[in-house]
Amino acid sequence: MRIRATVAAVTGALALSALAIPAAQADEGRSWSGGIELPAPKASFGAETGAEAGNRSSARAAVQAADPKITSAVVNGGKPIVVGTKSKQTVPYTVTATDDSGIAGAAAFIWIGSSVDDENSFGFGPNEKSISCKVVNATTTTCKGTITLTPGLMLNSDATWWRVGVAAGANDGQELERDAVSKVRVQRFSKLTVNASPEPVKKGKTITVTGKLTRANWDTGTYKGYSKQAVKLQFKKKGAKSYSTVKTVKTSSTGTLKTTVKASADGTWRYSFAGTPSTPAVSAKGDYLDVK
């Protein structure tokens, strides 16, 4: 089963911890990432005693009645998270929360599934010791940190929108978890190659431009060809500053590309892929061709 990230009071500090479920019981061998500690609530809040406490009890009750609020949560600056096959991908997040008593700390986590409690849900929590918070005013605090995605735990079906959840704690001891404050897209890293030949070539002769479009296959931990995708063949004449599109070519069942054109001038050839929701855009490093 997956582990739900939640906020719990632990030895005076707020901590993102797991429910009492074994960490590696998912069918695919995946589990939510571990817990980390948030700053402790301010001890001074609500510490009045005696007559002073009696005079302020109604005001304090009103403060505690208002739940903390998450006003924003952004992961990776709102840009898609692109993950390859081997290297872990660490991305930043920013969370802003507010409460009448002030915010002790807040952290983000990302996940997929029908609900956080579902046994098939899966996610990544914030990195230990990555959280830093800055008080904006008496009620509002912005916290930053990082989340690390591990490709070895991911499946191809994970290339989709992930929900961004937030756990926060207020200075009055209240705790809050919101499972879906915002979203972030996760994509499979893509690669694209090109080769123009023969070279050198006489002007007006036919050249063949080959290449291959691949993307991360998280199921196998390798790169596999991306089939039936429209890719632009582009040319940049020697001395020019930008590429122009010559034609559009579709990848084969194995992701390969092949087409022919007439050699007209010295310049650089490349393939360029616009991307799909699951796979980011990518352009091949150009191949310069000398035309005699």
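Values reported hereafter were calculated over all heavy atoms of this structure, with side chains retained and with hydrogens, waters and symmetry mates removed.
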For residues Lys236 and Ser242, is any side-chain donor paired with an opposing acceptor at under 3.5 Å?
-> no
Thr85 to Gly221 - nearest heavy-atom pair and separation | CB-O, 3.7 Å
Taking the side chain from Thr193 and the backbone from Lys212, do they hold a donor-acceptor pair closer than 3.5 Å?
-> yes
Lys292 vs Asp290, salt bridge (charged side-chain N to carboxylate O under 4.0 Å, His left out): CA-CA, chis, key distance, verdict | CA-CA 6 Å; Lys292 299 296 186 179; Asp290 184 20; 3.1 Å; yes
Kindly indicate whether the side chain of Val246, heavy atoms from C-beta on, has any atom under 4.5 Å from the side chain of Val261.
-> yes
Answer yes or no on whether Arg215 is positioned over the face of Phe189, meaning its NZ or CZ is under 6.0 Å from the six-membered ring centre and within 45° of the axis.
-> no
Within a radius of less than 6.0 Å around NZ of Lys224, do more than 12 heavy atoms belonging to other residues, nucleotides or ligands occur?
-> no
Side chain of Tyr223, backbone of Gly84: donor and acceptor closer than 3.5 Å?
-> no
Contact check, side chains of Thr142 and Val95, non-hydrogen atoms, under 4.5 Å = no
Validate the cation-pi geometry between Lys232 and Phe273: distance from NZ or CZ to the six-membered ring centre under 6.0 Å, angle to the ring axis within 45°.
-> no
Side-chain contact test, heavy atoms from C-beta onward, threshold under 4.5 Å: evaluate it for Ile70 versus Leu176 and give yes or no.
-> yes
Heavy-atom side-chain contact between Ile103 and Pro68 under 4.5 Å = yes
Looking at Val186 and Asp158, what are the two nearest heavy atoms and their distance?
-> CB-O, 4.0 Å
Heavy-atom distance under 4.5 Å between the side chains of Phe109 and Asp179, does that happen here?
-> yes
Identify the two heavy atoms, one from Ala106 and one from Ile131, that lie closest to each other, and give their separation to 0.1 Å.
-> O-CG2, 3.8 Å
Side-chain touch Trp111/Val164, heavy atoms, less than 4.5 angstrom | no
Ser227-Thr251 side chain donor-acceptor pair, cut-off 3.5 Å | no
Taking all non-hydrogen atoms of both residues into account, name the closest pair between Val184 and Lys79 and its distance.
-> CG2-O, 3.7 Å
Assess the side chains of Ser115 and Asp117: does a donor N or O sit below 3.5 Å from an acceptor N or O?
-> no
Just wondering, do Phe124 and Leu153 contact through their side chains at under 4.5 Å, heavy atoms?
-> yes
Check Thr90 against Thr146 and note the closest heavy-atom contact, atom names and distance.
-> CG2-CB, 3.6 Å
Modelled atom types, side-chain donor and acceptor of Ser283 and Tyr243, under 3.5 Å | no
Exercise: do Thr279 and Gln187 side chains pair donor with acceptor under 3.5 Å | no
Asp266 side chain to Val291 backbone, donor-acceptor under 3.5 Å = yes
Between Thr148 and Asn127, a side-chain donor and acceptor under 3.5 Å | yes
What are the two closest heavy atoms between Pro151 and Lys88, and how far apart are they?
-> CD-CA, 3.9 Å
Lys247 atom NZ, over 12 foreign heavy atoms within 6.0 Å | yes
State whether a side-chain donor-acceptor pair under 3.5 Å links Asn217 with Asn156.
-> yes
